Amino acid sequence: MIKPLTSLRFFFAFIVFLSHLEWVPKIDKSFSELYDNIFSKGYIGVSFFFMLSGFILALNYKEKILKKEISFKEFWVSRIARIYPLHLFTLCYSLIFFLPDLFKQPFFWLKSFTANLLLLQSFFPDEKVYFGFNAVSWSISNELFFYLMFPVLLIILYKYPKSIHLMFLFFLLIPVGIYFTPKIHQIFLFSVNPMVRIADFIFGILLYKLFELKFYSTWFEKRIAASFLEVTAILLFIFFFALHDQVPFGYRFSIYYWIPMAGIIYAFAHAAGFFSRILSTRLLVFLGEISFGFYMLHPFVMRSINAVERRMDYAPNLYLWVGGIFTATLICSVFSYYYLELPSNRRIRNWYRKNKTLNSAPVLFEEEKEVLSN
């Protein structure tokens, strides 16, 4: 586990949380400008997660897969055990809100539900499908696709180095494709579509290759220099964010943040500077560990609490109300981590061991917290 990167997961999950406060400006108009200019950019967090996923999986599984210490199937089981139990829980919980739609459009509802159940929704070019039920799970649909492709990508990139040229050609084709694609289709094709968003994931794997080769790593040997580089990475991200309104719509939702995200991941992966020390504190690392639950649960905590408020016809202080929703989401995330994610992860792994009698299981299934932090 690289502690600063684990902690950063929570901060980017919080960015997604802020983007779902779109109901606040409808109540408090003074909040509109702040929301429109800053808080509404939740897609930034998803870009970070995709790139970080490629980096961390390469860090943790490269040697095991290339040396055949684990099979593809073992890897896939470990990843499904990581994401699916909580996804299934949130999907079932979402039926409270979406079950009435079954009687309005039964065939479409069943198609959308089945796609979400199988984590295939991001392959469907229909917003009501890929943003249906638990809307944020579209990114988990992408992650599952990335996991399925990861062992193959790893072998291609490491055993056939010239394939990197093809990857860079793929990267270059994306901005060209955006340029020639009508705006109405850009969100699905370049932001949601896993066949294109896998570029973020591949970028993360290539970034790990640089990290593995200790590219510029000598710059991080002294704490002062490492701290300066961490600040530089943060400022680079802020600079890109400040200029985002000048960038066409399609690019912002796909490739625009690749450079600053790569800078942040690479700088904090060395865990050598002052800010890395802060991010390595026990509390922030723990928040990073529960960030998956925070990400997956916050839409329903937000929606449930607001539904109660409307029924009570109670008008609380808006900012205290948002703070209460944030706190409730944190509490739910802690319970999810300890009573759903860890136990279900353990049960799936034990089931797999029992039924497949894996000789390499002890190598694959290491300390649970490490598995859950990937």
Side-chain angles (χ1 to χ4, degrees), residues 4-25 31-56 90 131 134-140 142-143 187 191-192 197 200-201 203-204 230-231 233-245 247 249 251-268 275 278-279 283-303 319 322-330 332-333 336 373:
L5 293 182
T6 299
S7 299
L8 283 171
R9 290 171 61 90
F10 178 77
F11 288 97
F12 282 96
F14 182 63
I15 289 175
V16 178
F17 173 88
L18 292 176
S19 72
H20 291 143
L21 295 176
E22 72 278 353
W23 48 274
V24 175
F31 188 79
S32 296
E33 186 174 353
L34 182 63
Y35 177 81
D36 292 341
N37 294 327
I38 298 178
F39 291 170
S40 63
K41 318 305 177 186
Y43 53 86
I44 297 173
V46 177
S47 296
F48 175 80
F49 294 143
F50 288 166
M51 192 176 293
L52 181 65
S53 182
F55 184 93
I56 294 296
T90 58
F131 286 160
N134 186 6
V136 298
S137 67
W138 74 267
S139 65
I140 309 305
N142 279 26
E143 286 282 4
I187 283 289
S191 179
V192 174
R197 287 312 295 267
D200 301 57
F201 184 76
F203 201 120
E230 289 172 359
V231 171
I234 294 170
L235 291 177
L236 182 65
F237 170 74
I238 294 173
F239 174 76
F240 270 70
F241 186 84
L243 296 179
H244 72 267
D245 282 338
V247 178
F249 172 83
Y251 299 93
R252 271 181 279 156
F253 280 79
S254 56
I255 65 172
Y256 178 62
Y257 286 99
W258 279 0
I259 293 175
M261 292 302 178
I264 287 175
I265 292 171
Y266 197 76
F268 285 96
F275 289 96
I278 295 174
L279 290 171
L283 175 60
L284 291 180
V285 172
F286 177 70
L287 289 175
E289 289 173 344
I290 66 170
S291 61
F292 180 53
F294 185 89
Y295 176 78
M296 291 291 286
L297 293 169
H298 80 269
F300 296 116
V301 175
M302 197 175 289
R303 188 165 183 171
Y319 297 99
V322 171
I325 292 173
F326 172 76
T327 303
T329 305
L330 278 181
C332 290
S333 303
S336 169
S373 67

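No hydrogens, no waters, no symmetry mates; every other heavy atom, side chains included, goes into these values. In this text the structure is predicted, and so the values were computed from the model without any measurement.
- Considering every non-hydrogen atom in both D245 and R252, the closest pair reads OD1-NH1, 4.3 Å.
- S40 places none of its side-chain heavy atoms less than 4.5 Å from the side chain of E22.
- Centroid-to-centroid, the aromatic rings of F326 and F294 come within less than 6.0 Å.
- Atom CZ of F203 is separated from atom OG of S47 by 11.5 Å, given to the nearest 0.5 angstrom.
- Looking at residues two or more places apart in sequence or on another chain, you find a side chain to side chain contact (heavy atoms under 4.5 Å, CB included) between S336 and L86, L297, L340, E341.
- Here the CZ-CD distance, from F201 to E143, works out to 7.0 Å after rounding to the nearest 0.5 Å.
- Here the side chains of I15 and F48 are not in contact, with every heavy-atom distance at 4.5 Å or above.
- Rounding to the nearest 0.5 Å places CD1 of I234 at 7.0 Å from CD1 of I238.
- Note: I187 CD1 to F253 CZ = 4.0 Å, rounded to the nearest 0.5 Å.
- At a threshold of 4.5 Å between non-hydrogen side-chain atoms, the residues L279 and F11 count as touching.
- Rounding to the nearest 0.5 Å places CG of L18 at 10.0 Å from CD1 of I38.
- If you look at F49 and Y295, their ring centroids are closer than 6.0 Å.
- With hydrogens and angles ignored, the 3.5 Å screen pairs a side-chain donor or acceptor of K41 with a backbone N or O of D36.
- Residues V136 and V46 have side chains not in contact (no heavy-atom distance under 4.5 Å, counting atoms from C-beta outward).
- The shortest side-chain heavy-atom distance between F12 and L52 does not fall under the 4.5 Å cut-off.
- Taking each heavy atom of C332 and V301 in turn, the nearest pair found is SG-CG2, 4.0 Å.
- A pairwise comparison of heavy atoms in F55 and L5 identifies CE2-CD1, 4.0 Å as the closest pair.
- A search for side-chain hydrogen bond (donor to acceptor under 3.5 Å, both in side chains) contacts involving T329 returns nothing, not counting sequence neighbours.
- Between the side chain of R197 and the main chain of V192, no donor-acceptor pair closer than 3.5 Å is present.
- Rounded to the nearest 0.5 angstrom, N134 CG and R303 CZ are separated by 10.5 Å.
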| message | With side-chain contact (heavy atoms from CB on, under 4.5 Å) as the criterion, how do E289 and F10 come out once you've worked through the C-alpha distance, each side chain's angles and the decisive distance to 0.1 Å? | response | CA-CA 8 Å; E289 289 173 344; F10 178 77; over 6 Å; no
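- Aromatic ring orientation, F14 versus F17: parallel (interplanar angle below 30°, classes split at 30° and 60°).
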Below 3.5 Å, can you tabulate the donor-acceptor pairs from side chains in residues 256-264 to any protein atom, sequence neighbours excluded?
| from | atom 1 | to | atom 2 | distance (Å) |
| --- | --- | --- | --- | --- |
| Y256 | OH | F240 | O | 2.6 |
| W258 | NE1 | D200 | OD2 | 3.3 |

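- Formation of a donor-acceptor pair under 3.5 Å by the S7 side chain with backbone atoms of G288 is not found in this model.
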